[in-house]
Number of protein chains: 2
Amino acid sequence: MRAPYDSDIAPVAALLADRTRASMLTALLDGRPLAAGELARTAGVSAATASSHLAKLLDGDLVAVVRQGRHRYYRLKGAEVAAVIEAISRISPNVEVRSLRQSRQARALQEARTCYDHLAGRAGAALFEALLSRDLLETVDPAFDDPAASAYEVTDKGERQLSSIGVDIAEVRRARRRFAGHCLDWTERRPHLNGALGAALTARMIEDGWFTRGSARRALLVTERGRSRLADVFGCVLG
Amino acid sequence: MRAPYDSDIAPVAALLADRTRASMLTALLDGRPLAAGELARTAGVSAATASSHLAKLLDGDLVAVVRQGRHRYYRLKGAEVAAVIEAISRISPNVEVRSLRQSRQARALQEARTCYDHLAGRAGAALFEALLSRDLLETVDPAFDDPAASAYEVTDKGERQLSSIGVDIAEVRRARRRFAGHCLDWTERRPHLNGALGAALTARMIEDGWFTRGSARRALLVTERGRSRLADVFGCVLG
DNA sequence: GCGATCTTTCGACGGCCGTCGAAGCGTGTC
DNA sequence: GACACGCTTCGACGGCCGTCGAAAGATCGC
């Protein structure tokens, strides 16, 4: 009775059909891995409940987990999962009516924002692309299917450029943390730089007035200085 | 705690989370409206159960219904709904392992098939586009949001062309049925011609050897003759 | 090693939801 | 107008699932 190309969507949909799980998945939409406890708090449930939900999401291949000490960081399993959530969002009623102010904020967040402690949004993706295409950064471990495993190194040329703006690579290496990797930026569908290098570079750029912090929680605003410095130093032109 | 652009996806997902409802929605994926009873049979449940499910899908704005005599025809509410189902399908396990023969069949169905009694698939969409761009067919009632309400008329030029291949427009008009409209072809995301005209034209093309019926239930195969006739008569070139 | 912290497992409770037959309602047919 | 047919509504049954506190497992810092 069922066509040969049919697939069984009910089990996957069931995973999205719970408010708590949906809330967790939405929280993971920006690509940043979150610890189980954070997800519990975000969703407003006990740790026990959150754990049970995460086990189901894991079993259903919607999320992946990385153990790091006593924390367990969860992330969406892939772009297809994000696409599903976005597709359903499109036909779901908005929780709050989108005010003018809110949509302006949303647009600003899309332009530039922090992702944990590094630059994300359109600006983050553009900078990352520029670093690679100008050979300031090179791929060490190309793991396209698993962003958590990707790794990058600065080239000699890159090290000179970065130190010229005040980023001390030797010091960045001393951080007990992965040197450089990428996260997938779900609003952009493109990667941006993370790790110790991403954080240090972002901190330096803010310190040096390339970006100022916006009113919304993670918002960043590109300054005029930032726009021209990004172009001069990294050949990165923002739209 | 929730971002302003968050929407509440759980209720919509819950509608897809039941095997019976999912089966009904999948059956509606090709855009052809189906009666409640047919959907009940397809899903393998009683009429009572089907009715309850359809009421929920209706309430959730995933389907729309048209009353026609003692039948009630249900169809997907829009392209966004189809997109959701397709997105979830992409991360859902296939019901049956896709054999070589099955995937060949699926590809053939995408090329050309019948949708109820008229031509659909890539060929159907291409033919419809050609009819409009060559001014053989014109829009009478442009209802882009509701395919069921759209209406078309043949132009004088169109009537000459169609009669030249043996389609008698006067006779088509006598059918107690909508003259010409379109369905959205979900695999193509483009419309194709339906109604009495779509059926008559398709019947004539098959009769005249433009298409032969394939082995799968709704499959059609374009013949060499069909390929050249489509180009000559309608300026319709298939990929 | 010993507490502190993060996370998972277990067991119990409560509620929601899919299922069906029977009955009711509207529509087409003879 | 009586019957057949398609569909929906009603009521009852059964099962699955989300929730939590308590306790166990795992890891870090001292």
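The sequence lines fix the lettering, A, B, ..., with proteins before strands; numbering per chain opens at 1. All values below come from the heavy atoms of this structure, side chains included, with hydrogens, waters and symmetry mates left out.
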Could [X] and [Y] be called an ion pair, given the rule that one side-chain N must be under 4.0 Å from one carboxylate O?
{"X": "B/R204", "Y": "B/E207", "value": "yes"}
{"X": "B/E153", "Y": "B/R173", "value": "yes"}
{"X": "B/E111", "Y": "B/R122", "value": "yes"}

Side chain of [X] - closest among [options]:
{"X": "A/A35", "options": "C/dC20, D/dG6, C/dT7", "answer": "C/dT7"}
{"X": "A/R21", "options": "D/dG18, D/dC20, C/dT19", "answer": "D/dG18"}
{"X": "B/A48", "options": "C/dG21, C/dG28, C/dT7", "answer": "C/dG21"}
{"X": "A/S51", "options": "C/dT8, C/dT19, D/dC20", "answer": "C/dT8"}
{"X": "B/K56", "options": "C/dG26, C/dG18, C/dC20", "answer": "C/dG18"}
{"X": "B/A47", "options": "D/dT19, D/dT8, C/dG26", "answer": "D/dT8"}
{"X": "A/S46", "options": "C/dT29, C/dC20, D/dC20", "answer": "D/dC20"}

Whether [X] contacts [N] is assessed here as follows: a side-chain N or O lying under 4.0 Å from the phosphate OP1 or OP2. Is that the case?
{"X": "A/Y74", "N": "C/dC6", "answer": "no"}
{"X": "A/R67", "N": "C/dT7", "answer": "no"}
{"X": "B/T20", "N": "C/dT19", "answer": "yes"}
{"X": "B/T49", "N": "C/dC20", "answer": "yes"}

Under a 3.5 Å threshold, yes or no: a donor from one side chain and an acceptor from the other, between B/T49 and B/S46? yes

Test the A/R67-A/Y73 pair against the cation-pi criterion, namely NZ or CZ under 6.0 angstrom from the six-membered ring centroid and within 45° of the ring axis.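 A/R67 over A/Y73 ring: no.
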
Using a heavy-atom cut-off of 4.0 Å across all strands, would you classify B/A36 as base, sugar-phosphate, or nothing?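 Sugar-phosphate only.
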
What is the nucleic acid contact for B/A40, judged by heavy atoms within less than 4.0 Å: base, sugar-phosphate only, or nothing? nothing

Return the CG to CG distance between B/L15 and B/L62, rounded to the nearest 0.5 Å.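 Here the interatomic distance stands at 5.5 Å.
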
How long is the line joining [atom1] of [X] and [atom2] of [N], in whole Å?
{"X": "A/R70", "N": "D/dC28", "atom1": "CZ", "atom2": "P", "answer": "8 Å"}
{"X": "A/H71", "N": "C/dA4", "atom1": "NE2", "atom2": "P", "answer": "17 Å"}
{"X": "A/R72", "N": "D/dC28", "atom1": "CZ", "atom2": "P", "answer": "12 Å"}
{"X": "B/R19", "N": "C/dT19", "atom1": "CZ", "atom2": "C1'", "answer": "16 Å"}
{"X": "B/D18", "N": "D/dC16", "atom1": "CG", "atom2": "P", "answer": "14 Å"}
{"X": "B/L54", "N": "C/dT19", "atom1": "CG", "atom2": "P", "answer": "12 Å"}
{"X": "A/L39", "N": "C/dC6", "atom1": "CG", "atom2": "P", "answer": "14 Å"}
{"X": "B/Y73", "N": "D/dG6", "atom1": "OH", "atom2": "P", "answer": "10 Å"}

Report the residue (B/A55 or A/A14) whose heavy-atom-nearest nucleotide on DNA chain D is the more 5′ of the two.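 Result of the comparison: B/A55.
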
